[in-house]
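Take a look at the structure set out below.
No hydrogens, no waters, no symmetry mates; every other heavy atom, side chains included, goes into these values.
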Amino acid sequence: MRDAETPAANLLLTKTSNNNTLLPASRITIGGTGTNRFATLAPMPNQYGTARVTITLADASLSASSTFTLTVTPSANRPAIVLDRSLRS
């Protein structure tokens with residue numbers, strides 16, 4: 001992220017998702033420092049589908065956005081039986 005007139009520390013970075021059941025904005029974190037940033041997406045457990053994610057960078061007068069689609073597919077988890085040994089006679 002960079003701006004010719006504004007230092008990176010003074011830029012405002014926001015993130016949104018159009019599917020809060022799958023990916024609330026609170027589960028989109030921005031890491032890195034200065035002009036080198038990255039986004040980490042952590043979908044909610046046991047949810048699948050798509051979410052349109054928008055990341056916006058703004059200074060005092062202008063903004064730029066990037067939007068992409070996150071697709072989470074269901075996994076084929078096997079059911080498991082857990083024996084409680086305390087119930088044995």
Side-chain angles (χ1 to χ4, degrees):
M1 62 182 232
R2 63 189 89 198
D3 183 320
E5 296 86 25
T6 307
N10 295 344
L11 296 172
L12 176 63
L13 193 61
T14 58
K15 66 251 193 257
T16 61
S17 166
N18 76 334
N19 185 342
N20 288 320
T21 301
L22 175 64
L23 183 69
S26 62
R27 294 182 64 94
I28 304 169
T29 56
I30 306 297
T33 58
T35 59
N36 297 312
R37 301 295 178 113
F38 59 90
T40 301
L41 311 177
M44 295 298 289
N46 302 314
Q47 298 294 319
Y48 58 91
T50 61
R52 287 179 48 89
V53 178
T54 301
I55 298 177
T56 302
L57 182 64
D59 63 12
S61 59
L62 299 173
S63 66
S65 296
S66 181
T67 299
F68 58 92
T69 300
L70 169 71
T71 301
V72 178
T73 56
S75 65
N77 293 331
R78 288 181 151 166
I81 297 173
V82 178
L83 297 177
D84 184 348
R85 294 179 184 224
S86 65
L87 298 177
R88 288 186 177 181
S89 50

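Between Thr14 and Leu12 the shortest side-chain heavy-atom distance falls below 4.5 Å.
Of all heavy-atom pairs spanning Asn19 and Ala51, the tightest one is CB-CB, 3.8 Å. Of all heavy-atom pairs between Pro45 and Arg27, the closest is CD-NH2, 4.4 Å.
With rounding to the nearest 0.5 angstrom, the CG atom of Leu70 is 5.5 Å from the CG atom of Leu41. In this structure, CG in Leu22 is found 11.0 Å from OH in Tyr48, a value given to the nearest 0.5 Å. Within the model, atoms CD1 of Ile28 and CD1 of Ile55 stand 6.5 Å from one another, a figure rounded to the nearest 0.5 Å. Residue Gln47 holds its CD atom at 11.5 Å from CG of Asn20, rounded to the nearest 0.5 Å. Atom CD1 of Ile30 and atom OG1 of Thr40 lie 8.0 Å apart (nearest 0.5 Å).
The cluster map of Ile, Leu, Val, Met, Phe, Trp and Tyr, joined by side-chain heavy atoms under 4.5 Å apart, puts Val53 and Met44 in different clusters. Note on Leu13 and Leu11: same hydrophobic cluster, where clusters join Ile, Leu, Val, Met, Phe, Trp and Tyr whose side-chain heavy atoms are under 4.5 Å apart, directly or indirectly.
Here side chain to side chain donor-acceptor pair (under 3.5 Å) pairs that include residues 58-73, with residues two or more places apart or in two chains, are Thr54-Thr67, Thr56-Ser65.
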